[in-house]
Amino acid sequence: MEDQNQDAYENNNRERKKIKTKRKELGLSCMLNTEVSALLAVIRRPPEPTSPYYFSSDDHFDSAALHSLKSLRALIFNPQQEWHNIDPAIYISPFLHVIQGDDVPAAATGVALYALLKILNLEIFDEKTKGAKEAINSIVTAIAGCRLEKTDSSTEDAVMMRILQVLTAIMKHCASVLLTDHVVCNIVNTCFQVVQHSAGRGDLLQRNARYALHELIQIIFSRLPDLAIKDSESEPESESGSGSESETGMDDSSGGDADADLNSGYGIRSAVDIFHFLCSLLNVVRVVEMEGSTFQDPDEDVQHFALVLINSAIELSGEEIGRHSKLLRMIQDDLFHHLIHYGTCSSPLVLSMICSTVLNIYHFLRRFIRLQLEAFFAVVLLRVVPLASSMSLQEVALEGLINFCRQPTFIIEVYVNYDCDPLSRSLFEEIGKLLCKNSFPMTSPVTTLQVLAFEGLATMIHNIADNIDKEDDSSPIGPYPVVITEYSPFWEEKSKDELESWVDFVRIRKAQKKKILIAASHFNRDEKKGLEYLKFSKLVSDPPDPKAYAFFFRYTPGLDKNMIGDYLGDPSHFNIEVLREFTDTFKFSGMVLDIALRSYLETFRLPGEAQKIQRILEAFSERFYDEQSSDVFVSKDAVFILCYSVIMLNTDQHNPQVKKKMTEEEFIRNNRAINGGQDLPREYLSELFHSISNKAITLFGQSGVSVEMNPSKWIELINRSKLVQPLILCDFDRRLGRDMFACIAGPTVASLCAFFEHTDEEELLQECTEMLISIARIAQYGLEDTLDQLLASFCKFTTLLNPYASTEETLFAFSNDLKPKMATLAVFTIANNFGESIRGGWRNIVDCLLKLKRLKLLPQSVIEFDSASTSSSDVPKEPESGIIFPSHDPKFGSRQASGTISRFSHFLSLESMEDSLSLNLSEFEQNLKIIKQCRIGNIFSNSSNLPDDALLNLGRSLIFAAAGKGQKFSTPVEEEETVGFCWDLVIAIALANIHRFQSFWTNFHDYMLSVAQFPLFSPIPFAEKAILGLFKVCLKLLSTYPVDKIPEELIFKSINLMWKLDKEILDTCCEFITQSVSKVLIEYPANLQTQLGWKSVLHLLSVTGRHSETYDQGVEALIVLMSDGTHVSRTNYVYCIDCAFSFVALKNSPLEKNLKILDLMADSVNLLTQWYKNHHAENNSSVSSNTSNSSLEENSKSLGSSNFTLNLFLKLGEALRKSSLARREEMRNHAIVALQKSFSLAQDLDFSPTNCMNCFNLVIFAMVDDLHEKMLEYSRRENSEREMRSMERTLEIAMELLTNVFLQFLKQISEGPGFRTFWLGVLRRMDTCMKADLGQYGTSKIEELVPDLLKKMITQMKEKGILVQKEGKFYELYELDAEIGHEELDWKMTSESNLHARIAILSGQVGISESGIDDAVQKLVAHGSLVFCFLLCEIKLGKWSSWRHLIKQSQRWKFFKEGVELIGPSIFWKIEMWVVLLMWLIASGSDWSPLPLIK
């Protein structure tokens, strides 16, 4: 049942389709019937009697046409008729007969055309219908042969419009693919005839005709991409400019059999013919009559229409044109030749269309028009813009130029293909400089042309910036500039596929081009220097390649053509090779002789010497003959002779001194039989004669640079285009973008600044600031000088740097003009986001900042320092003015992070005056709002992102400004505020960059040294403000980085420099300094690593702590440091002692503190002992392991050595010795006690005998002498007994100290070679103190103390065996006695000595027998020596008696007395001090004393 229903349903559908088809067929039949009936009615209608085209009703029409119409009507309603399957000729041919009829009235022709139009629109047949091809082609043939002979103009216009409709319908019909190339060309030709015919008729017909032709062109060329290209026609896009190798075959075969396949229809052949026809329309001229004369002028209307059609063809064909050799060559040659020729002498309308056409060609075919595009810019746009006769023409050319610049890859492709090619013009640079020149305003207001040029320049800059500063660009940066390291032929091109680093190759070629231009400049001044520079620059191989010189002469612009000619004509072998290579650079194929010769001689000037001319013409003749494809010349000699003849003819025809000119016949006669004995063709010579007569061969000199595109140049360009590489398609590279801008940086900056200065429109000012941002983005890549130059100019526009304006005038100008505000915002925006690219520009920015500070438009400090600024989490505060300077601005990203700062409008949010008034904002508040947008604080808080160079320049600018360079201060208060502001910023920079402090602070310190040398430099307030900030940096360093020593040394060097500039700073800033150094000593002593650091801190503590308000804090810091002892080291021990002594030496300082410090000083000997022991332990281990090789280890050894330890101990002893001279007795006595303690603790230091004696000499002896002197000084004063007795008591303690320490170190001292001298020193001081004359104050108690102390010492010496020595029966003489005995008395010196008995350094020892001692004594005394030292040989009671007896003898006493009186007491002491001991011993055992004699 379901199957039956399905069959029934399908049957019903078939029936419905049949009914629908029948109805459609019936409708077509009715339509045809209607059209036939209408046509017959028109034919049968009697003509109007008034018609000038009257004819009889019997013969007025072709009977065959009527018969065919009637036959068609008979077939129309055949029930079996299916129009889709019927040959279209059956129902079309009757109408075609009417159209083609000779005597058909226009009305009938119009009806027939309308019928065809309906047939075509209803698509009764299609491309698959049998006979469709013949039918549709016959329609075109019929319409093309339509004659309108018997009609009026109005009817004729109507018929022609109908023709246009039918032709358009034919091309739109689905069967149009069956049209042949010839028919398609016929359609276009017919349509164009209508266009021409309508020129003198109504505007409506002309408009419709042009519209129809335009539509036809669109239909034809829109099919071009879909055409099937046969193998013989197809040509892949080769690497050559136009595929010259296969072009010849394409010319012969392309499209020749395009219609052989019935299904293929029209093809490339018709497109080529039509395009050639369109190009020919550009040459249509009109005859113009003016002042009785006629001349031909290009028909600009036709030219414009032709360019519209050409544009449409190119737009619709697109890149497919590149697949068709003939069409491509037509664009390369014919079209471009016309565009360039008429581009220089056309109206603005035509020039605009020419620019649009070239732009369209660039879009689709730029790979194939490399040289043509260069010629178009060089000859047309770059000449019309500056030299056009009218402003409108300039604007059109400029707009055309800018349209090219708006293309995404145009400028980079132009730069790569032309500017980086040594054989091409620098188009990008010329375009950029042209835009700069035309946008540079000299006066206000700016003109339309200047605005247009500026917009074009801005377009270029934005394009470069957007592509160079891409976030995801991973291309390398640099190097800048490129260096040519090896020779490579500069004329050879390489494709991108042949190179690993194509960008490097391009940059090298650009560098070569620059060097070539420099060599050209040298060459014009001195030929040898120019060629040597080529070698030096590695542009010429070694040995030189003639080809390099040839290309240098051929393609380098600006060369002296006279010098080129002289060089090429030189007879040397190398020069001849250069000449041959030079001539081989020309392509003379397709040129006649005069054009080739013109092209050749345009590149240099023929020398005057005949032999040189001959060599040059021989080279030309050989090249020309080899390049010719015709058989005109049989040999190169014929060419050579004819060249001479042409040059002579040129001179004859165009030299005013030649009165009788050569005729054509004479010229032909002169050149008979020169072609291998035969004549050259007369026509050839005649053409040569007329060409030379009409236009001379120009022999260009040094400045003769022709830019006109003459036939010879064009042919040469076409020939060369077949050999050069195609135009390279490329995207932006960061390095190339930087190099591009570097070419035009100077003019661009100048134009931008001038334009900003002279314009007042807000929109244009906005564009200027946007362009400034783009330049800054580009300047990041090695163009810092450019940005500095730009900032210097824009800082002037802020009005803040006017040195002649008062504060009120500056504030008024800033407040009432938008331009200064925008300039200020722009400058600080650049500083915020491109500070890494700023170098010298920081000085201008700092000057602006200081001016804003003086105008009260900034808070007291841009950076508010936190009280805890030394911590790692410093947070900037909000200034009192409400201007916030955040640490990060989210609107900006770093170059690495976002890399995009597209437009300045993102940052400018200025409110209108109405808004400001509605918010009740004062003028001052409005200014503050602008400054807030500048985000000045970010410059310094984010300075950690700045590279070293930028940071150094910023710091230098601030330091120099703080020193007053470039600043004028009206009041001291203003100066102090400005200096403090600058130092705040310097410190902010240092704190923000504390992680790399070492890399920049060395230079900062040098800047401080430099400003100190300024002629008018004043250390106040510069140094005062500096030292406050430097300590903040110091605390930050010590709290953050305790390891590295160099930053610590750097900051303390700067601190010391500042206070040394003016030491009063230590007084004025004492509280802050004391607080800072105390904090260092209490919180960060472990982080102080250097000697300079400790020395500076403790010195400043000792100096600033002397003030009453800082004493407590300073002395407490010192006590904490020394009490702990952990941070007292070998490095800082001396400075600790110096600092401690400075506090002890203060007058009126608390006694308790001083005594505490003295005790700490004495206790510090424990540290010395510990270091000494550690050193020896380390030394022993290092010796056993033999690993201590580094200088650091050696240094540590020296720090722990006995000599170094002694020096530290001596430093302590000297400090305590000086403390023993204090005015207060408690202080003095405690200092001596502390010294005693120090010596007691130093027992383990293992002092050597020499070290012990040095301690005595420098500390104890000096202390005793000073105290003795002080006591005597007080004794001579009146009313000073109390002070004198106080000093006496201290001296007694000191003498006891001397005795105790002597006995403590007696063993070491006695072993020393200078013990004798040392012992005499002890005795002398004992004697001096004992016999001290206190004058009116009576005797000294020391007299009683000294003998006891002396007995104590001698007893100890006796007990220790130091004073007892005997060897056999010989007594030993020491020092002077031994010397006298040996030299004067010829006593024999002993060879050995007992070291235990030696008391002094002996020159030798003399042995004397006991029995001969009396004689020896007499002889020694006779020679001035008192030999009581014999008593030291053996001290016994019996011996003392014998010696008493000896001395009491008158003769001996006489010798003693005479000896003392003879040599004098002072010399006597030096000769023999041991007599003092004898005197004291005798005095203690006898009733007489020789002491009065000693006085």
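Heads up: numbering here begins at 1 and tracks the sequence.
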Inset, instruction - Hey, could you give me the CG/OG distance between L790 and S793, rounded to the nearest 0.5 Å? - result: 6.5 Å

Legend entry - Residue pair L787 / I778, side-chain heavy-atom distance below 4.5 Å: no

Inset, instruction - State plainly whether the residues D733 and R735 are in salt-bridge range, i.e. N to O under 4.0 Å. - result: yes

Inset, instruction - Report yes if some heavy atom in the side chain of I412 is under 4.5 Å from a heavy atom in the side chain of N467; otherwise report no. - result: no

Inset, instruction - Heavy atoms only: give me the nearest A1012-F1017 pair and the separation to one decimal. - result: CA-CD2, 3.8 Å

Legend entry - Contact summary for A465 and R777, nearest pair of heavy atoms: O-NH2, 3.3 Å

Legend entry - Centroid-centroid under 6.0 Å between F440 and F755 rings: no

Legend entry - Short side-chain donor-acceptor distance under 3.5 Å, W1059 and N1056: yes

Legend entry - Within 45° cone and under 6.0 Å: R956 NZ/CZ vs F960 ring: yes

Inset, instruction - For N953 and I838, indicate whether the former's side chain and the latter's backbone hold a donor-acceptor pair under 3.5 Å. - result: no

Legend entry - Residues N993 and S944: side-chain donor-acceptor under 3.5 angstrom: no

Inset, instruction - Evaluate the side-chain contact (heavy atoms from CB on, under 4.5 Å) criterion for residues L752 and F454: first the C-alpha distance (whole Å), next the side-chain angles of each, then the deciding distance (0.1 Å), finally the verdict. - result: CA-CA 8 Å; L752 172 60; F454 183 78; 3.8 Å; yes

Inset, instruction - Please answer whether the main-chain N or O of I468 pairs with a side-chain N or O of R734 as donor and acceptor at a distance below 3.5 Å. - result: yes

Legend entry - Minimal non-hydrogen separation, T798 against F814, with atom names: O-CD1, 3.8 Å

